[in-house]
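Since the structure comes first, as structure tokens, the remarks are kept for the end.
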Amino acid sequence: MAENKDNMQLNRRDFLKLSATGLSLTLVGFNPVLGTFQEAYAKNAPQADQWFMSVCPYCGTGCGVNVGVSNDTVVAVKGMPDHPVNKGELCILGKNLVGILNTPDRLLLPQKKVGHQFKPIAWEEATDTVATQLKETIDKNGADSFAMYVSASEYIEEYYVYNKFVKGCLGTNNLESSARLCWASGVVGLVKAFGSDSPPCCFDDIEVADLFFVAGYNPSSSKPIFFKRLMKAKKANKTKMIVIDPRRTDTAKKADIHLQIKPGTDVILFNAITRELINKGLIDEKEAKSITQDFDKLKEHVQSFTPKFAEEKTGISERQLSEVVQLIGQSKGALFMWGQGLNQSRIGTRKVTSLLNIPFITGNIGKAGAGPLAVTGQSTAMSLREVGALPNLLPGFRKVNDSQARQDIAKIWDVDPQKMSPKPGRTIPDILNAIEAGEIKALWIIHSNPAATFPDTSWVRKTLNKLDFLVVQDCYHPTETSQFAHILLPAAQWAEKDGSMTNSERGMNLIEQAVQPPGKAKTDIDIVMAVARKMGFEKQFSFQKTEDIFEEFKRCTTGRPNDINGLTYARMGKEKGLQWPVPTAEHKGTKRRFMDQKFPGKLNLAMNQHADPLEMPDKEFPLWLLTGLVNEQYHSRTRTSKIPSLNRAVSEPFVEIHSENAKALDVMAGDLLKVTSRRGQLTARAVITDNILKDAVFIPYHFSFLAGKDKSVNDLTIRSFDESAKQPEYKAAAVKIEKA
Ligand SMILES: Nc1nc2c(c(=O)[nH]1)N[C@H]1C(S)=C(S)[C@@H](COP(=O)(O)OP(=O)(O)OC[C@H]3O[C@@H](n4cnc5c(=O)[nH]c(N)nc54)[C@H](O)[C@@H]3O)O[C@H]1N2
Ligand SMILES: Nc1nc2c(c(=O)[nH]1)N[C@H]1C(S)=C(S)[C@@H](COP(=O)(O)OP(=O)(O)OC[C@H]3O[C@@H](n4cnc5c(=O)[nH]c(N)nc54)[C@H](O)[C@@H]3O)O[C@H]1N2
Ligand code: SF4
Ligand SMILES: [Mo]
């Protein structure tokens with residue numbers, strides 16, 4: 001929480017920082033003049049005279065960083081040598097964090113849209129307007145006509161404040177996050193399989209395992225520090241690695257076996273692997289039956305998934321299948337890892353639960369070096385779930401439809417339990433549909449850029465335009481989404497605020513505020529609490545400092561799976577990455593869960609069938625569109641587009657096509673290609689490769705319409721969602737390509 005005087009003047013430091021660049025700027029894309037300036041500035045940056053502890057804000061690995069400050073400006077970022085996750089290392093994104101802070105497009109003042117223009121206003125007016133508009137909307141149309149959309153990269157205290165405000169004070173469960181786009185199928189899959197959200201493993205399992213099973217996951221690009229650790233262990237311990245990906249990625253290149261699967265067919269492959277493990281007697285059936293539900297049913301179910309059938313559907317040969325089955329059968333401890341290649345599908349949850357059948361029947365669970373290791377995408381997806389900042393949850397993995405849970409939480413929140421809704425809130429696909437239908441009238445977006453990152457973005461743009469009231473709270477402007485706002489609220493970002501977070505292995509970390517936010521920007525919690533107080537919730541938001549919020553959250557964890565009553569800010573500052581549960585001050589944290597083989601219930605086996613994506617390639621649109629990330633950019637690039645070295649590596653979208661397709665179209669590397677789907681088109685340069693299947697193309701998703709006309713791959717993607725988790729099917733749309 002930060003103090004900030006409320007006037008519309010910028011202070012001298014902000015002017016210095018901004019006018020020092022002396023440039024009128026292209027906000028997106030690589031500006032060589034600015035780039036050179038930034039690099040020259042970085043070379044001559046003053047030495048840090050103070051250091052603060054923090055965590056990298058990007059991926060779910062959760063690398064510890066030390067933030068170096070001089071004269072209230074961040075001048076250096078270093079990997080934290082004593083952090084258990086990264087031991088001083090950082091990837092290219094983490095190393096370049098300094099450059100994201102003082103950029104010319106930082107949003108410095110609250111703004112209000114007047115006609116088609118944004119006009120700066122004072123904080124007092126901004127928070128008054130938001131409070132009044134929300135109250136009017138709710139009075140007139142009911143609490144469910146409002147929704148808040150946040151991210152999976154916020155701190156525990158932020159999730160906690162949003163949750164208490166939206167569910168406890170306003171009385172709607174419409175608190176949704178970009179975790180839906182990110183790991184929803186993965187988490188719903190874990191919940192279905194374990195009966196609860198129970199990540200069992202830890203990063204230290206990497207050195208114990210003798211097999212890495214990696215499906216639809218490219219950690220070489222998406223989790224470089226985590227991947228480095230996998231590779232180090234692989235070399236030291238001769239750990240085997242199986243990678244399942246339709247592209248020969250940098251991860252796949254390091255595999256002992258790469259299964260270049262036909263997109264979308266993973267359920268068939270996993271069922272075939274399960275069949276062969278059982279039929280070849282490579283598992284202990286008695287043990288499997290003792291810990292799982294319905295083993296005999298699964299055995300029967302998988303019989304039709306013969307190696308021949310699997311080969312026909314997945315493109316994986318019987319020989320390769322048999323090699324994979326042997327490796328799993330021989331393994332004494334296998335780690336099962338997956339990513340968006342499974343999650344981002346109409347049957348994402350099915351893919352995940354079919355995968356989880358394998359560790360469950362092979363006894364790869366409840367022992368060191370074995371089990372599912374889900375390293376989520378965004379930095380704090382785990383915190384989000386613990387705090388219950390999702391439409392169906394309350395803090396401590398409680399459910400909104402459990403009346404005892406509502407009463408317990410209402411007591412801690414000091415709100416009326418009768419006002420809390422038992423009805424799960426809407427997911428983001430549902431929220432957008434409800435806006436289109438006129439049922440949701442007001443939306444508050446914090447820390448997300450859906451106009452760039454949701455599928456079928458031209459529809460998203462039209463839909464956002466239908467809102468009576470849209471608040472966008474971001475640290476930059478313009479973003480693809482900010483342009484649709486009625487009110488823009490300037491947010492402090494990483495290094496400018498304090499809090500705590502949990503990484504993918506349940507490790508708890510303290511984040512110190514290193515510098516003051518620029519201009520009149522305020523921390524996300526200060527903004528939301530200011531509005532809440534104006535709406536009459538002074539008592540509920542009387543916290544004096546961020547730590548007070550953490551202390552209140554701790555009370556919600558008593559006796560819950562994530563009990564952290566043994567932690568304080570002081571302890572997290574000293575003992576880094578302690579893994580929950582940590583119920584008492586003497587407790588040393590919990591690396592691995594279920595080591596006593598006592599699971600929340602019997603492990604559920606899944607009897608899944610395959611289903612095709614909503615849209616399949618056909619005569620008119622003959623190719624699969626695969627989308628994903630590159631190492632050097634992050635999401636919609638509001639941060640990474642400011643870093644010259646990252647832009648030099650990748651500064652525009654590209655289309656990976658197979659060399660035979662390139663030949664047929666008479667296309668050379670670097671030629672412009674027009675890629676069209678039923679929803680939109682994109683023009684980008686060709687990258688010719690044999691690392692992709694002939695019937696697919698790959699385009700990264702970091703570029704949207706601010707990058708230029710026809711640059712947004714999400715103009716091409718489809719509004720198709722996982723049947724249970726509602727995660728978008730970003731990995732399957734039908735397209736055609738032409739030379740542009
Ligand atoms: N540099 C960088 N790092 C990041 C991010 C970033 O934007 N930039 N984002 C972070 C976030 S939020 C996330 S969620 C993670 C995502 O991290 P990953 O899940 O590793 O990344 P993706 O590239 O989305 O997808 C993984 C792979 O799935 C494959 N795939 C596509 N379709 C299928 C299929 O049908 N079956 C199988 N088996 N595989 C398929 C793709 O070819 C791709 O190589 O990365 C995190 N890390
Ligand atoms: N085609 C395709 N699309 C995809 C994917 C894919 O694989 N293919 N992957 C999906 C995945 S996995 C994900 S996770 C999503 C990501 O989707 P988003 O979360 O929408 O993407 P970001 O670019 O991270 O948006 C974060 C926004 O928050 C702002 N911000 C940063 N820090 C702060 C802060 O501290 N406070 C506030 N208030 N704002 C802040 C940033 O400037 C930015 O505008 O994209 C999804 N979209
Ligand atoms: S691996 Fe992830 S958390 Fe670590 S420095 Fe890179 S982006 Fe940040
Ligand atoms: Mo993600």
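Predicted model only: the values in this text are computed from it and were never measured.
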Distance-only side-chain donor-acceptor flag, [X] / [Y], under 3.5 Å:
X    : Y    : value
S177 : S151 : no
Q727 : Q340 : yes
S178 : Q378 : yes
T640 : Q633 : yes
T314 : T265 : no
S636 : N449 : yes
N647 : R637 : yes
D715 : S458 : no
N364 : T362 : yes
T717 : N714 : yes

Is it the case that the side chain of [X] and the backbone of [Y] share a donor-acceptor pair, with hydrogens and angles ignored and the cut-off at 3.5 Å?
X    : Y    : value
T689 : N691 : yes
N604 : K192 : yes
Q320 : H258 : yes
S720 : R346 : no
N661 : K694 : yes
E615 : A734 : yes
N343 : G186 : yes

Tell me whether [X] forms a cation-pi arrangement with [Y], defined as NZ or CZ under 6.0 Å from the six-membered ring centre and within 45 degrees of its axis.
X    : Y    : answer
R461 : F705 : yes
R719 : W459 : yes
K736 : F621 : yes

Below 30° counts as parallel, above 60° as perpendicular, anything between as tilted: where do the rings of F309 and F305 land?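 F309 and F305: perpendicular rings.
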Can you label the angle between the Y217 ring and the F226 ring as parallel, tilted or perpendicular, going by 30° and 60°?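 Ring orientation of Y217 relative to F226: tilted.
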salt_bridge([X], [Y]) N-O dist < 4.0 Å:
X    : Y    : result
D245 : K253 : no
K228 : E89  : yes
K238 : D256 : no
K332 : D210 : no
E318 : K308 : no
R385 : D197 : yes

How about F654 and F703: are their ring centroids closer than 6.0 Å?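 For F654 and F703, the ring centres are not under 6.0 Å apart.
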Option from [options] for which side chain to side chain contact (heavy atoms under 4.5 Å, CB included) with [X] holds:
X    : options          : answer
V735 : T676, V655, V697 : V697
S379 : C59, C63, S153   : S153
P307 : L321, V325, I316 : L321

Flag if over 12 foreign heavy atoms under 6.0 Å of NZ, K234: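 Yes, enclosed.
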F295, F270, F194 screened by ring-ring contact (aromatic ring centres under 6.0 Å, His included) with F360, the one that passes: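 Testing F360 for a ring-ring contact (aromatic ring centres under 6.0 Å, His included) against F295, F270, F194 leaves exactly one candidate, F194.
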